[in-house]
Amino acid sequence: MQPRKVLVVDDDDIIAEVAKVALEVVGGWQVSTATSGHEAGELAAREPPDVVLLDVMMPSLDGPGTAALLSAHPATRDVPVIFLTAKSAVGETLASVPNLIGVIGKPFDPMGLADEITRLAGWG
Amino acid sequence: MGEPRAPESTPPEPSDPAEEARSQRMVTVLSGIAAQARQTNARRIEEIREALHRAESGDLDHDGWAAAERAAHQLAGSAGTFGFEQVSQAARALERLLARSLTAGRLDDGVLARAQALLDRAGSELSRGPDQD
């Protein structure tokens, strides 16, 4: 069975690295990272992931904008998105975000991140 | 920086050699990232401090405010991930303060002093090391 492919998008490269290590080591998944929404769009179009873990507050193109970008591309239009955020107000905008399947709060528990994604994505 | 997110991130009791190796690898790799994060967060504090100095002299434009707010946001997230809860809380309060000023497009009385106090608290807590449970 092929390992799950996850794209982690966060403009803080340290947070992206922590998530990458956590998902690779604990989940045994294949993880790529992007530090902007535009980079995420390019990476995902080249090799569509099984899920995108997406920071909400990013400069230039934020999380909802990135989710919209992904949904507009034929290669990524059905890829599920999970928000990774500390923003408490995010709930107000959830309904309009395409393919959003859940939210994981920051700071997150590296040891439990893979389990949380598995639960939200229904991979269990 | 310290170990990430104790106690939730504490590796579970290994039940077999593979799990033990996985937990050990996590601890090793995350310790390296934590050291890098501590340096990055110290730099973020200095960036915000410089922005507040510029604001005090009326020399901070909209983009400068936005950059300072983003630095506070990243500081809060990163510090919290690595067990610096006090740093994270101060940075989160600072982020809200900067965001309000950015949205309002003006500096109310006392905002800079409050921002400076929150930044000093974050810097002091960062120097002390991660919170102990």
Side-chain angles (χ1 to χ4, degrees), chain A residues 3 8-29 31 33-37 53-63 65-66 82-90 92-93 103-119, chain B residues 1-14 18-41 43-44 63 66-67 69-85 87-89 91-92 95-96 99 130-131:
Chain A
V8 177
V9 189
D10 199 309
D11 65 315
D12 186 338
D13 55 357
I14 290 173
I15 297 294
E17 187 62 22
V18 170
K20 177 181 166 69
V21 169
L23 299 178
E24 286 178 343
V25 175
V26 178
W29 297 339
V31 184
T33 61
T35 54
S36 75
L53 191 60
L54 182 57
D55 185 25
V56 171
M57 187 178 172
M58 296 187 291
S60 180
L61 191 62
D62 62 8
T66 303
I82 297 171
F83 274 167
L84 184 63
T85 183
K87 282 293 220 189
S88 55
V90 70
E92 297 168 13
T93 61
V103 178
I104 294 176
K106 282 186 185 174
F108 59 85
D109 172 15
M111 294 302 290
L113 186 61
D115 283 347
E116 186 71 358
I117 292 173
T118 296
R119 186 183 65 78
Chain B
M1 291 182 114
E3 298 303 323
R5 289 263 292 164
E8 294 96 326
S9 65
T10 302
E13 283 298 314
E19 190 172 334
E20 185 174 4
R22 199 160 47 239
S23 296
Q24 190 54 50
R25 186 175 165 223
M26 275 289 280
V27 169
T28 302
V29 175
L30 289 177
S31 294
I33 298 173
Q36 182 189 348
R38 191 167 185 170
Q39 290 183 343
T40 300
N41 285 335
R43 178 174 50 74
R44 285 174 177 144
D63 288 349
E69 183 201 351
R70 193 156 65 87
H73 175 78
Q74 292 181 325
L75 175 62
S78 176
T81 297
F82 290 99
F84 288 72
E85 192 52 40
V87 178
S88 183
Q89 286 177 11
R92 194 70 67 203
E95 178 194 358
R96 285 194 295 268
D131 301 341

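Lettering follows sequence order; numbering is per chain, from 1. We use all heavy atoms of the structure for the numbers below, so side chains are in, but hydrogens, waters and symmetry mates are not.
Heavy-atom distances place no part of B/R96 under 4.5 Å from chain A, backbone and side chain included. With a threshold of 4.5 angstrom between heavy atoms, A/D10 does not approach chain B through any atom at all.
Put simply, CD on B/Q36 and CG on A/D13 are 6.5 Å apart, with the number rounded to the nearest 0.5 Å. Here the straight-line distance linking atom NE2 of B/H73 with atom OG1 of A/T85 works out to 6.0 Å at 0.5 Å rounding. Annotation: the span from A/D12 atom CG to B/S78 atom OG amounts to 5.5 Å, rounded to 0.5 Å. Once rounded to the nearest 0.5 Å, the distance linking CZ of B/R70 with CG of A/D11 reads 5.0 Å.
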Which pairs of donor and acceptor atoms, one on a side chain in residues 16-27 of chain A, lie under 3.5 Å apart (sequence neighbours left out)?
{"from": "A/K20", "atom 1": "NZ", "to": "A/E24", "atom 2": "OE2", "distance (Å)": "2.9"}
{"from": "A/K20", "atom 1": "NZ", "to": "A/V31", "atom 2": "O", "distance (Å)": "2.9"}

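In terms of heavy atoms, B/G80 sits closest to A/P107 at C-CB, 3.4 Å. Residue A/I14 comes nearest to B/F82 through the heavy atom pair CG2-CE1, 3.8 Å, listed as atom of the first residue, atom of the second, then distance.
Under the salt bridge (charged side-chain N to carboxylate O under 4.0 Å, His left out) criterion, A/R119 pairs with A/E116, not counting sequence neighbours.
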